[in-house]
Amino acid sequence: MLKAMGQALFSTGLQNPKYTEGEKKEGQDYEIRTYHATNWVSTTLSGMEWDPALSAGFRKLFNYIQGSNQNKVKVEMTAPVSCRVDPGAGPACESQFTVSFYIPEEHQDNPPPPSDPDVFVEHRKEFTAFVRTYGGYSNEKMKREELLILIESLKRDGVQFIDHPFYVAGYDSPFKLTNRRNEVWVLKKEPE
């Protein structure tokens, strides 16, 4: 438990999902990543605000990795904590937030089944995302600003993308003070 708490608190030595990096052009302020097909443990919440949904989702998933699953198995903490955002239909509408932890390699083939009915194992097929990385303590305002910058960059470069859903990702615990890593991901529009 101490190892898991230390990893969660200081986010060092955590496994990350594998991806292949696309070629970066000069002046491009984002990365192109093709993530391999992987399993994630997830929970979906509805709400008007991002940060409370992320916190509530994180707590449910942290319980899962601490052994609140059908196998009563502890699962290593990983990074990033990703959140798929399916925006509501209008400004006063609830959005859907799917908070996810990447399942580490040793459990990828056979993830422990969740015991909480709100938690599920999600199989993500291979996907390509445009990724903008930024630092600091992220909040809803920063996430929105970084997402808008990414979308403007993609439009500038004439890139085909899907504007929603989109993802936000955080790699660090709240206790890490410097060199923090946050990301916004927009999915590449695949040819029909």
Side-chain angles (χ1 to χ4, degrees), residues 1-21 31-45 50-85 96-116 118-139 143 146 165-187:
M1 177 150 150
L2 285 177
K3 182 178 179 185
M5 290 296 284
Q7 286 178 329
L9 293 176
F10 302 108
S11 56
T12 56
L14 302 180
Q15 284 187 41
N16 304 144
K18 291 181 174 52
Y19 61 86
T20 305
E21 200 165 331
E31 292 176 64
I32 303 169
R33 297 182 190 161
T34 299
Y35 282 90
H36 303 186
T38 49
N39 287 313
W40 296 64
V41 61
S42 303
T43 187
T44 300
L45 303 101
W50 301 17
D51 294 335
L54 273 165
S55 293
F58 181 93
R59 283 190 301 276
K60 284 180 177 286
L61 299 178
F62 192 76
N63 288 338
Y64 170 88
I65 67 169
Q66 284 299 294
S68 288
N69 54 62
Q70 289 182 18
N71 297 357
K72 308 245 183 285
V73 172
K74 291 192 177 187
V75 177
E76 294 284 331
M77 183 67 195
T78 59
V81 175
S82 77
C83 181
R84 173 184 161 136
V85 181
Q96 292 278 106
F97 303 96
T98 302
V99 183
S100 305
F101 289 178
Y102 166 68
I103 295 176
E105 291 298 321
E106 59 270 23
H107 296 288
Q108 271 294 312
D109 292 337
N110 192 18
S115 50
D116 181 335
D118 294 335
V119 175
F120 57 95
V121 173
E122 171 189 4
H123 178 73
R124 290 188 188 172
K125 296 178 180 166
E126 179 179 277
F127 68 95
T128 300
F130 302 105
V131 179
R132 179 170 173 82
T133 302
Y134 61 100
Y137 280 92
S138 192
N139 58 37
K143 291 172 187 133
E146 296 295 334
F166 57 88
Y167 290 79
V168 295
Y171 288 79
D172 303 305
S173 96
F175 301 100
K176 184 173 181 185
L177 301 177
T178 59
N179 298 318
R180 297 181 60 78
R181 179 177 168 197
N182 309 290
E183 295 174 344
V184 288
W185 304 349
V186 171
L187 301 179

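Because the structure is a prediction, the values reported are computed rather than measured.
Taking the side chain as every heavy atom from C-beta outward, Thr44 and Phe97 never approach each other to under 4.5 Å. Within the 4.5 Å cutoff, no side-chain heavy atoms of Pro111 are placed close to those of Val41. Side-chain contact between Leu187 and Tyr167 is present, with heavy atoms from C-beta onward closer than 4.5 Å. Within the 4.5 Å cutoff, side-chain heavy atoms of Phe130 are placed close to those of Ile32.
Distance NZ/Lys60 to OG/Ser55: 13.5 Å, rounded to 0.5 Å. Note that CZ of Arg33 and OG1 of Thr128 are 12.0 Å apart. Values are rounded to the nearest 0.5 Å. Note that CG of Asp172 is 9.0 Å distant from CG of Leu14, once rounded to the nearest 0.5 Å. To the nearest 0.5 Å, the span separating CD on Glu146 from CZ on Arg132 amounts to 4.5 Å. In this structure, CG on Asn71 lies 9.5 Å from OG on Ser115, to the nearest 0.5 angstrom. A distance of 10.0 Å separates OH in Tyr137 from NZ in Lys176, rounded to the nearest 0.5 Å.
Contact detail for Leu61 and Val99: the closest heavy-atom pair is CD1-O, 3.3 Å. Contact record, Val184 with Lys143: CG1-O, 3.9 Å, taken as the closest heavy-atom pair. A pairwise comparison of heavy atoms in Tyr102 and Thr38 identifies CE1-CG2, 3.8 Å as the closest pair. Looking at every heavy atom in both residues, Phe120 comes nearest to Thr98 through CZ-CG2, 4.1 Å. In terms of heavy atoms, Pro80 sits closest to Trp40 at O-CZ3, 3.9 Å. Nearest heavy-atom pair, Ile103 versus Gln108, reported as atom, atom and distance to 0.1 Å: O-NE2, 2.5 Å.
Look at Glu122 and Arg84 and you find no salt bridge, because none of the NZ, NE, NH1 or NH2 atoms lies under 4.0 Å from a carboxylate O.
Thr43 places no side-chain N or O within donor-acceptor distance of the main-chain N or O of Gly57, the cut-off being under 3.5 Å. With hydrogens and angles disregarded, a donor-acceptor distance shorter than 3.5 Å links the side chain of Asn182 to the backbone of Gly136. Side-chain atoms of Asn16 come within 3.5 Å of backbone N or O of Ala79 as a donor-acceptor pair. In this structure, Gln70 contributes its side chain and Pro114 its backbone to a donor-acceptor pair below 3.5 Å. Side chain of Asn69 to main chain of Tyr64: a donor-acceptor pair is present (N/O by atom type, distance under 3.5 Å, no hydrogens or angles).
No donor-acceptor contact under 3.5 angstrom links the side chains of Ser42 and Arg124, judged on distance only.
The only member of Glu76, Glu105, Glu106 that meets side chain to side chain donor-acceptor pair (under 3.5 Å) when paired with Gln15 is Glu106.
Classified by interplanar angle (parallel below 30°, tilted 30° to 60°, perpendicular above 60°), the ring pair Phe127/Tyr35 is parallel.
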